Asker: 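Just passing along the structure, written as structure tokens.
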Amino acid sequence: MKKDRFKRISPNIWEIPTDFKQGMRVPARILSSEELIDGIDDKVIDQITNVACLSGIKKYALCMPDGHCGYGFPIGGVAGFSKNDGIISPGGIGFDINCGMRLLRTDLTFDEIKPKMELLLNKLFLTIPSGVGSSGFLKLNKGQFTDIMEKGADWCLESGYATSNDIEHIEDHGRISHADHTTVSEKAISRGINQMGTLGSGNHYLEVEIAHPEGIYNRDIAKVFGIDRDNQVIVAIHCGSRGFGHQIATDYLEVFDKCSKKYDLVVRDKELMSAPIKSDEGQRYFRAMACAANAAFVNRQLITFGIRKVFSEVFGKNVHELGVETIYDVAHNIAKMEKYEIGGREEELLIHRKGATRSFGPGRPEIPKDYQLVGQPVIVGGSMETGSALLCGAKQADEETFGSTLHGAGRTMSRMQAKRTARGESIRQKMKDDGIMVKTGYMPGLAEEAAFAYKDIDSVVSAVHSIGISKKVARFKPVLNIKG
DNA sequence: ATGTCC
């Protein structure tokens, strides 16, 4: 096994030195508890050490505790590349650009929603389109979609689909700078224009969850985030930029493939195709990626609009009375320019987070005013059977992980393998027995996303908590799930 | 993740 060559830096940090394979410019670091380190796939080790070979990489190539095999980078991969001689790589961001999570609070408690569970589930399912190729209620013209690409969630504010409180509680206010619609293909636009406000498929879901008192690890911080009553109803939204971001990733992989010779980049894996950040092609992808990121923020905001409408109808009150407010909205798949100290001096790096969450601690100007004292919320999606976790960012992340932490439980099994292991119907029944009502347009998907196909979320969360890059705040238990 | 192969 390759693991005997790992150097244990601390109880939960394992380093793979540069002599592990030829061409590594920096060491690779895997964050993991002792119990999970042996479960790390050899392919993940291959992938993260290939990332360590990319031009302009600084400090380490990192893999979070929920890491598993992905396209090029592992999902759970984090890497920072020098603005001057570094690269940008679609494989380091993911096909689903700005796949991410939003958490909503409400004033409701479990007892209040119990009599209306089935109605709530059915109305949510009818209102929020889900599944492959689904389209939304909005009929947008190209001018509006250009605004969505370039203004992100601000478009929702202008159009009456968001409140200023929503905007304040989205990463980067739901508007990524440098977005330029001229870098986006017509094909991407035509795939995306009718998909705003839709959930998608795969591991995407919409979940109603309960904040039971025993799941609150830090009552003071939970209260700052708006979790302020026993058995409070929470809503989790997990989705991304749909076919729009997917097409942009596809388009630029093709562009990078064609220009790779010109820039003479050594790439150990075709899936890691890259372009220099400073190159014309690299800049164009960066700007197109920002458009997809903005569209994903809009998507989650429009889904929020739909959820508010449903809650309002089902409980016969307006949304203000129900207190349906955005706790926070985070990107899990994105690259951003951020400043870090490298060898004693500050450098601007393009931080790639692929299945990883920003984890900024207290005092950072980028985070909402009301969260300044505690750090940003970190929203971690579990499997549909186990529910999500809420953490807060910590300063330690700036030193260890380029201000990053984990994003989910992390798969242990491929979708195919999961489908061979169980049938959707048996998972539905098991969830029902556990008090979770689920609705989906694609039953085999329940097996694909079953808890047995994922690592234990509490275990991966404990690892990042122990390292100190983010801190446990709360764990929620699902009661309703719409699986795309 | 994805009009899961134009």
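Small disclaimer: the values here were computed from a predicted structure and weren't measured. In what follows, chains are A, B, ... by sequence order, proteins preceding strands, each numbered from 1.
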Asker: Phosphate oxygens OP1/OP2 of B:dT2: is one of them under 4.0 Å from a side-chain N or O of A:S201?
Answerer: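 Yes, because at least one side-chain N or O of A:S201 sits under 4.0 Å from OP1 or OP2 of B:dT2.
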Asker: I'd like to know if A:R358 and A:E338 make a salt bridge, using a cut-off of under 4.0 Å between side-chain N and carboxylate O.
Answerer: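 Answer for the salt bridge query: no.
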Asker: How would you list, by chain and number, every residue that makes a side chain to side chain donor-acceptor pair (under 3.5 Å) with A:D41, sequence neighbours excluded?
Answerer: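 None.
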Asker: Could you give the CG-to-C1' distance, from A:D251 to B:dT2, as a whole number of Å?
Answerer: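 It works out to 13 Å between those atoms.
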Asker: Rounding to a whole Å, what distance do you find between A:R242:CZ and B:dT2:P?
Answerer: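 My rounded result for the distance is 5 Å.
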Asker: Determine the contact category for A:G240: base if any of its heavy atoms lies under 4.0 Å from a base atom, sugar-phosphate if only primed atoms, P, OP1 or OP2 are that close, otherwise nothing.
Answerer: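 Nothing, no heavy atom under 4.0 Å.
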Asker: Counting the atoms with a prime plus P, OP1 and OP2 as sugar-phosphate, which does A:K354 contact under 4.0 Å by heavy atoms, base, sugar-phosphate, or nothing?
Answerer: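 The residue A:K354 makes no contact with any strand.
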Asker: Figure out the CD/C1' separation between A:E254 and B:dT2, and round it to whole Å.
Answerer: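 Going from CD in A:E254 over to C1' in B:dT2 covers 16 Å.
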Asker: Between C1' on B:dT2 and CD on A:Q247, what's the gap in Å once rounded to a whole number?
Answerer: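 These atoms are roughly 10 Å apart.
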Asker: Starting at CD of A:E271 and ending at P of B:dT2, how long is that distance when rounded to a whole Å?
Answerer: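 A:E271 atom CD is separated from B:dT2 atom P by 18 Å.
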Asker: Rounding to a whole Å, what distance do you find between A:E449:CD and B:dT4:P?
Answerer: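 In whole Å, B:dT4 P and A:E449 CD are 18 Å from each other.
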Asker: Looking across every strand, which nucleic acid part, if any, lies under 4.0 Å from A:E448 by heavy atom: base, sugar-phosphate, or nothing?
Answerer: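 No contact at all - A:E448 keeps every heavy atom at 4.0 Å or more from the nucleic acid.
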Asker: Under 6.0 Å from the NZ atom of A:K419, do we count more than 12 heavy atoms belonging to anything else shown?
Answerer: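 Yes, NZ of A:K419 has more than 12 neighbouring heavy atoms, counting only those of other groups under 6.0 Å.
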Asker: Contact class for A:G202 vs. all strands (heavy atom < 4.0 Å): base, sugar-phosphate, or nothing?
Answerer: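 The answer is sugar-phosphate, as A:G202 gets under 4.0 Å only of primed atoms, P, OP1 or OP2.
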Asker: If the condition is side chain to side chain donor-acceptor pair (under 3.5 Å), which residues does A:S89 pass it with, not counting sequence neighbours?
Answerer: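 None.
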Asker: Over how many whole Å does the gap from A:H246 atom NE2 to B:dT4 atom C1' extend?
Answerer: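 Distance, rounded to whole Å: 8 Å.
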Asker: Rounded to whole Å, how long is the line connecting atom OH of A:Y442 with atom P of B:dT2?
Answerer: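 In whole Å, B:dT2 P and A:Y442 OH are 13 Å from each other.
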